[in-house]
> 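Okay, handing you the structure first.
Along the sequence shown, residues are numbered consecutively beginning with 1. Counting convention: from 1, in listed order, for ligands and their atoms alike.
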Amino acid sequence: MDRRKFISTSAVAAAGAILSSVPGVAKAMSTTGNKGPKKRIALIGTGSRGTSMWGIDVIKDYSDYVEYVGLCDINPGRVEAAKKYMGATCKTFTDFETMMKEVKPDILIVTVMDSLHDKYIIRGMELGCDVISEKPMTTDEVKCQTILDAQKRTGKKLIVTFNYRYSPHRAKIWELIQKGEIGEITSVDFHWYLDTSHGADYFRRWHRKREFSGSLWLHKASHHFDLLNWWIDSEPEEVFAYGNLDFYGKNGKQRAVNCRSCNHKDTCDFYWDVNKNSYYKMLYTDNEQYDGYLRDGCVFKEDIDIFDKMGASIKYANGVQVSYSCVTYAPYEGYRIAFNGTKGKIDAWIEEKNPVYQSDYDEIMITHNFGKRDFVRVLKSEGHGGGDKLLHDHIFINNHEDPFRQSAGIRDGAFAILIGIAARKSCDSGKPIKIADLTDLKPMAKKA
Ligand SMILES: NC(=O)c1ccc[n+]([C@@H]2O[C@H](COP(=O)([O-])OP(=O)(O)OC[C@H]3O[C@@H](n4cnc5c(N)ncnc54)[C@H](O)[C@@H]3O)[C@@H](O)[C@H]2O)c1
């Protein structure tokens, strides 16, 4: 029997049962929570993440719970465009200290580029705010320690927004592992493929420089490392890694400063007209005169100093070993993961926009040692697999339950980046790096 047919015939009955067995998801979607007084929120960094997930979406769905009291960006044109796009009515600022003193928010949302997160997280906490920071929490171990120290000193709360944890498909994997479906996990194989569209986009923007993004070991892979920490339910102990720049940057045969000024538009596979996207035009190209930032930088610029292929071995404090890899120039986008346990194996795979098989669900395959194979189907949903909406619910709706332990705090934020920092150091030094040598955090066999 062909495999697809087997799934479609045997999993029909299971599908309903499986979907309804994700109680936290259904509850999170429907809860109204306790309203209480509205929290006053301010945001620093009105770029694409700030205006979308933390901007228009919050104003649209959570105005009963929170209200924007300030928006800040160093680019005066972008912050005004952002306010209009979001439909916000609050005041805008180009100076952070002025905003904080004037509007005195309860919560600060940090959506500037990665290397600046520490500055605003720390100052926000010092000025009396709880802070919501985009991932990665920061880009090196020294900044990580200063954030840990500031949090202890001020007693304020830091939430790191790991939206990947909230996809129902990944929550189902977490639940199957926690239920002991495959016994004790001993090792994990995790391979992530970024394609020549999404993957290439990191090489166009500020992400292409280590000084801003910490490299994709931090900017991108910290998402994946957080998922691993959460699924494995332990903290990482040691990392050994390799990485190289094989495709983008200096490897290109032709280059320019950016696509709009390029002489090779007709022959370059990566030519991209940023102005065809009205949102990007409104945010970036219409405001270039203020900061000179080019959203359509050439992917073959010689200043690119991050890796475009990465591989790591990670050892966890509970003995689990992980083989991880990421490539940024794949023909399709997705990932494959396998959890190897003492009683069986869980396999899952995602291919975004699969041109051959289209379905409205994602699968998980469970193979029991000496036993049968089961398939679980989880309905697909919009916005990082439905994760963005659930993350918002958790953060903005009071007294919200957390049955899948998806909410991530400062320790989670730190351990996700510490794997990336260790991997980057290992690539540079050729040596394995112990996580405990990086900050004062000591990895625990079971997550707290
Ligand atoms: N969780 C996710 O899936 C996800 C997705 C995209 C981005 N992000 C994160 O969101 C953050 C922002 O990314 P983005 O794609 O919106 O970038 P972006 O370049 O669109 O926006 C960054 C903004 O910060 C502003 N800025 C730069 N320096 C500043 C300073 N000193 N003070 C104030 N503002 C300053 C820029 O002018 C820009 O408007 C990053 O940390 C990124 O990692 C997360």
Side-chain angles (χ1 to χ4, degrees), residues 42-57 70-83 85-86 92-100 108-121 123-124 131-139 143 159-167 170 194 198 201-202 204-209 211-224 226-227 274 277 279-297 306 383-385 387-392 395 408 413 416-417 420:
L43 182 140
I44 174 86
T46 56
S48 67
R49 196 68 178 160
T51 52
S52 57
M53 164 118 183
W54 298 107
I56 197 163
D57 294 353
L71 295 173
C72 182
D73 199 288
I74 42 162
N75 186 314
R78 191 172 303 130
V79 74
E80 287 311 323
K83 176 180 169 177
Y85 172 76
M86 288 164 60
T92 58
F93 299 84
T94 51
D95 181 69
F96 178 71
E97 293 287 329
T98 308
M99 172 175 83
M100 296 300 279
L108 174 70
I109 301 178
V110 177
T111 49
V112 286
M113 61 190 181
D114 307 345
S115 56
L116 294 170
H117 287 182
D118 63 313
K119 174 178 169 186
Y120 295 113
I121 291 172
R123 194 67 188 130
V131 178
I132 297 171
S133 173
E134 260 302 344
K135 50 50 55 178
M137 192 168 90
T138 186
T139 49
K143 291 174 171 182
I159 294 175
V160 183
T161 54
F162 285 119
N163 49 338
Y164 279 30
R165 287 188 185 194
Y166 288 83
S167 109
R170 297 183 192 129
L194 295 166
H198 183 201
D201 210 29
Y202 293 111
R204 291 195 173 99
R205 298 176 283 164
W206 50 260
H207 314 60
R208 72 181 190 282
K209 301 276 288 175
E211 63 175 306
F212 303 132
S213 67
S215 81
L216 295 180
W217 276 124
L218 276 294
H219 178 80
K220 190 69 198 168
S222 63
H223 264 311
H224 313 152
D226 176 66
L227 285 175
V274 58
N277 182 317
Y279 172 64
Y280 288 163
K281 181 175 180 305
M282 173 270 296
L283 271 186
Y284 303 109
T285 56
D286 286 352
N287 299 303
E288 262 169 20
Q289 71 268 31
Y290 299 109
D291 59 8
Y293 178 61
L294 301 174
R295 175 64 181 77
D296 61 341
I306 60 171
H384 289 110
D388 291 354
K389 168 88 175 85
L390 293 170
L391 172 63
H392 277 153
I395 290 180
I417 57 166

> Of the listed options (H207, K135, R205, E134), which comes nearest to atom 10 (O) of ligand 1 when hydrogens are ignored and any heavy atom counts?
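Looking at heavy atoms only, E134 sits closest to atom 10 (O) of ligand 1.
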> Distance to the ring centre below 6.0 angstrom and angle to the axis at most 45 degrees; does that hold for R170 and Y164?
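Yes, R170 sits over the ring of Y164.
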> Name the option, out of T94, D73, N75, D388, that contains the heavy atom nearest to atom 39 (O) of ligand 1.
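The nearest heavy atom belongs to D73.
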> For N287, what residues pass the side chain to side chain donor-acceptor pair (under 3.5 Å) criterion, not counting sequence neighbours?
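None.
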> Out of Y164, Y280, Y120, whose heavy atom sits nearest atom 30 (C) of ligand 1?
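It is Y120 whose heavy atom sits nearest to atom 30 (C) of ligand 1.
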> Please determine whether ring-ring contact (aromatic ring centres under 6.0 Å, His included) holds for the pair W54 and H392, giving the CA-CA distance in whole Å, both sets of side-chain angles, and the decisive distance to 0.1 Å.
CA-CA 9 Å; W54 298 107; H392 277 153; 5.0 Å; yes
> Quick check on contacts: which atoms of ligand 1 are under 4.0 angstrom from a heavy atom of Y284?
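Those qualifying, in numeric order: 18 (P), 20 (O).
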> Considering only heavy atoms of L116, which atoms of ligand 1 have at least one such atom less than 4.0 Å away?
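The atoms of ligand 1 under 4.0 Å from a heavy atom of L116 are 28 (N), 29 (C), 30 (C), 31 (N).
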> Below 4.0 angstrom from a heavy atom of S48, which ligand 1 atoms are there? Numbered from 1 as shown, please.
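In order of numbering, the contacting atoms are 14 (P), 15 (O), 16 (O), 20 (O).
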> Do Y279 and T51 meet the criterion of a side-chain donor-acceptor pair at a distance under 3.5 Å?
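A donor-acceptor contact under 3.5 Å links the two side chains.
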> By the side chain to side chain donor-acceptor pair (under 3.5 Å) test, which pairs, at least two apart or in different chains, include something from residues 112-121?
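Output for this query lists D114-H219.
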> Does W206 reach ligand 1, in the sense of a heavy atom lying below 4.0 Å from it?
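Yes, W206 has a heavy atom closer than 4.0 Å to ligand 1.
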> My understanding is that we take every heavy atom of each candidate and find the minimum distance to atom 24 (O) of ligand 1. Doing that for V110, I44, V112, D95, which one comes out nearest?
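It is V112 that holds the nearest heavy atom.
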> What are the atoms of ligand 1, with element, lying closer than 4.0 Å to any heavy atom of H219?
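Here the atoms of ligand 1 in question are 42 (C), 43 (O).
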